[in-house]
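The following block contains the structure, expressed as structure tokens.
The basis for the numbers below is simple: all heavy atoms, side chains too, and nothing from hydrogens, waters or symmetry mates.
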Amino acid sequence: MMKKNKYDIQKFDWGEVTWLHEPSNVLTQRLSAGLVTFFSGKKQTRHVHFGEEQILYVLKGHGIQKVNGEEKKVEEGMLIHCPPYSEHEVINTGKEELVFLITYTPSKLMEIHQNLSIVNDKHIMDIVDIGVLKDIQKEVSELLNLSVVITDNNNNEITEPINLNKFCSLCKKSRLCTDKGNRYESELNKQDKVFVCCNNIITIMVPILMGDSIIGYVKCGHFIINKSKDTEDSILKNCKNKDVDCTELIAAYNDIPLIPKSRLYALQESLGIVSKLISNIIENSLVEKELSEKNNEILKNTKEKVYLEDALKQANLKLLKSQVSSSIQSHNFQSKNFFYKETMEYPISEEEKLKDCIKKLDKNACYNIVLQIINKYNGLSINEIKENCEELIIILSRIVYSETKDDEIFLDIRYKYKKKVKSCRDFNNLKDIILEASEEIISILRNILLNGKHNLIQKINSYIENNFTQEITLNFLAGMFFISPNYLSTIFNEKNGMSLKDYINKLRIEKAKVYLEETDMKISDISKKIGYSQLSYFGSIFKKMENCTPNGYRAKFKREQ
């Protein structure tokens with residue numbers, strides 16, 4: 001049994017964590033706090049925050065940190081935020097220790113309602129398609145970068161373990177260790193099981209519940225909370241009598257993730273999401289089975305039996321996919337869905353069009369695209385589509401961040417309009433909210449364009465270079481930059497040595513040459529892609545500028561290659 005110490009010190013290759021506080025009751029006290037020391041010149045390699053949110057205060061030293069690939073310098077007195085499910089990395093670039101005061105808070109989960117109170121089938125897991133369970137297992141394993149397996153209530157594996165680390169694979173093969181070990185002393189949910197094996201490797205099991213009955217477990221491992229020299233000595237001693245390479249075994253042991261204890265709580269909550277989703281799938285499967293049996297009885301010996309059975313099955317399948325996909329998205333299993341919602345398809349094509357219109361600062365075009373999005377959901381209830389609209393708001397707010405790199409502006413837009421979407425009550429209001437968000441983002445981008453460090457013609461050239469595949473007129477640019485068309489024409493010709501029309505043609509033909517050299521696209525497709533609606537006009541411009549046809553240019557390029 002591992003002894004609990006409120007002021008434990010965890011030692012790592014890169015430094016150590018002194019725990020000042022851990023929750024005595026995870027359900028009510030969710031905060032962990034500690035002092036993190038990074039040794040001089042050491043690097044804490046990239047790791048995933050399973051579901052915990054972190055606030056870090058730099059007490060002394062300086063270095064570099066990366067959050068989701070974005071690199072920033074850190075120094076004494078800085079306050080740092082790491083959101084849930086982010087990738088984090090810290091490097092001490094100084095000659096002294098880099099010390100953080102750090103707090104961890106697991107992100108709170110939303111409960112999933114269960115309305116099935118009686119479960120009598122002892123083979124309940126057989127109701128679920130094994131392929132669905134494997135898909136869920138694969139997604140979770142890739143997200144957490146840990147081994148995951150789904151078992152029944154007797155810990156018999158229903159799915160094969162995936163992403164198993166090399167050390168545990170060698171131990172399993174050589175029978176050096178089993179999963180059965182001491183119960184880890186922690187304040188997790190009493191129904192959850194956390195075990196530590198003879199080599200100090202931890203495995204966590206979160207139950208899959210139906211009512212008050214445990215019908216299986218989501219099992220996840222393997223990682224280490226404390227690594228000691230005694231453990232390596234014990235491994236060496238045990239492997240001498242086995243057909244296994246001791247050097248390889250020790251190297252594999254040192255590759256096992258060593259994680260802060262606070263991440264154990266976050267991992268438990270992430271697995272709780274998965275177990276509840278599986279419960280939800282089983283509920284729907286049972287309902288479908290019950291309804292199917294009743295309809296079989298009612299429709300027996302009728303000509304409509306086959307048709308109605310199929311309709312019932314499809315309706316319940318849509319319900320299942322919709323509920324599960326909605327649940328996963330709401331818990332930040334970002335960017336990857338286990339299922340697709342057939343009744344509430346995300347407007348991906350409209351999203352791309354809306355982003356393009358915003359980047360072109362075209363409010364009128366934005367209005368038309370927003371109308372298309374709202375019309376796409378005709379026939380659904382407002383509550384059914386809010387989640388997709390919230391996701392759209394998040395995507396649009398990232399346009400601002402990509403241009404400004406300003407967290408405050410990005411978060412302000414994101415949360416302001418997400419809150420508005422949550423509280424809206426009708427489609428007209430929803431349309432206005434999305435349009436308002438689009439117009440505010442356009443306003444921010446316009447201000448950046450107008451107030452940048454470059455001169456007017458450089459700003460205009462930059463805009464054209466980013467949008468030359470679209471229709472750009474002199475009047476449009478003049479209105480955007482608040483100058484007269486005549487004045488714009490004069491200074492444009494003077495600074496660029498050519499007219500606006502020739503400048504756009506030059507950019508388009510250069511892009512066409514890239515497509516001709518690097519792809520096998522049809523000439524007609526290239527013409528449309530670079531902004532020419534008429535193939536003949538494209539051909540005449542190309543020949544005028546390159547002294548050959550597009551086909552001739554491609555043939556010449558291939559001969560030279």
Quiz item: Side chain of Thr103, backbone of Ala33: donor and acceptor closer than 3.5 Å?
Solution: no
Practice problem: Would you confirm whether Arg554, through its side chain, and Thr519, through its main-chain N or O, come within 3.5 Å as a donor-acceptor pair? | Solution: yes
Quiz item: Quick check: are there more than 12 heavy atoms from other residues, nucleotides or ligands sitting under 6.0 Å from CD of Glu517?
Solution: yes
Self-check item: Non-hydrogen atoms of Cys366 and Ile358 that approach each other most closely
Solution: SG-CG1, 3.8 Å
Quiz item: Are Phe38 and Phe100 near enough that their ring centres are under 6.0 Å apart?
Solution: yes
Practice problem: Would you please indicate yes or no on a ring centroid separation below 6.0 angstrom for Phe492 and Tyr503? | Solution: yes
Quiz item: Do side-chain atoms of Asn92 reach the backbone of Lys42 as a donor and acceptor pair under 3.5 angstrom?
Solution: no
Quiz prompt | Geometric class of the Phe557/Tyr553 ring pair [parallel <30°, tilted 30-60°, perpendicular >60°] | solution = parallel
Exercise. Keeping the roles fixed (side chain from Arg508, backbone from Ile530), state whether a donor-acceptor pair exists under 3.5 Å.
Key: yes
Quiz item: Is it the case that Asp525 and Tyr515 place a side-chain donor and acceptor less than 3.5 Å from each other?
Solution: no
Quiz item: Do the side-chain N and O atoms of Glu439 and Tyr367 include a donor-acceptor pair separated by under 3.5 angstrom?
Solution: no
Quiz prompt | Donor-acceptor under 3.5 Å (Ser438 side chain, Ile434 main chain) | solution = yes
Exercise. Look at the side chain of Ser397 and the backbone N and O of Ile413, then say whether any donor-acceptor pair between them is shorter than 3.5 Å.
Key: no
Quiz item: Would you say Asp520 has more than 12 foreign heavy atoms packed within less than 6.0 Å of its CG?
Solution: no
Practice problem: Using the six-membered ring of Tyr532, assess whether NZ or CZ of Lys528 lies under 6.0 Å from its centre and within 45 degrees of the ring axis. | Solution: no
Practice problem: Give a yes or no answer on whether the side chain of Asn467 reaches the backbone of Tyr463 with a donor-acceptor pair at less than 3.5 Å. | Solution: yes
Quiz item: Does Asn163 use its side chain to pair, donor to acceptor, with the backbone of Leu146 at less than 3.5 Å?
Solution: yes
Quiz item: Quick check: are there more than 12 heavy atoms from other residues, nucleotides or ligands sitting under 6.0 Å from CD of Glu352?
Solution: yes
Practice problem: Output yes when a side-chain donor or acceptor of Asn375 lies under 3.5 Å from a complementary backbone atom of Leu371, and no otherwise. | Solution: yes
Practice problem: Please determine which of His88, Lys72, Glu89, Glu70 meets the side chain to side chain donor-acceptor pair (under 3.5 Å) test together with Gln65. | Solution: His88
Quiz prompt | Least distance between heavy atoms, Cys548 atom then Phe542 atom | solution = O-CD2, 3.2 Å
Quiz item: Under the criterion side chain to side chain donor-acceptor pair (under 3.5 Å), which of Lys420, Lys416, Lys431 is the partner of Glu436?
Solution: Lys420
Quiz prompt | Member of Val36, Leu98, Leu35, Thr37 meeting the side chain to side chain contact (heavy atoms under 4.5 Å, CB included) criterion with Leu59 | solution = Leu35
Quiz item: Are Glu440 and Tyr417 linked by a side-chain donor-acceptor pair shorter than 3.5 Å?
Solution: yes
Practice problem: Using modelled atom types only, decide if a donor and an acceptor are shared between the side chain of Lys495 and the backbone of Thr490 within a distance under 3.5 Å. | Solution: no
Quiz item: If you count the non-hydrogen atoms of other residues, nucleotides and ligands that lie under 6.0 Å from CG in Asp13, is the total more than 12?
Solution: no
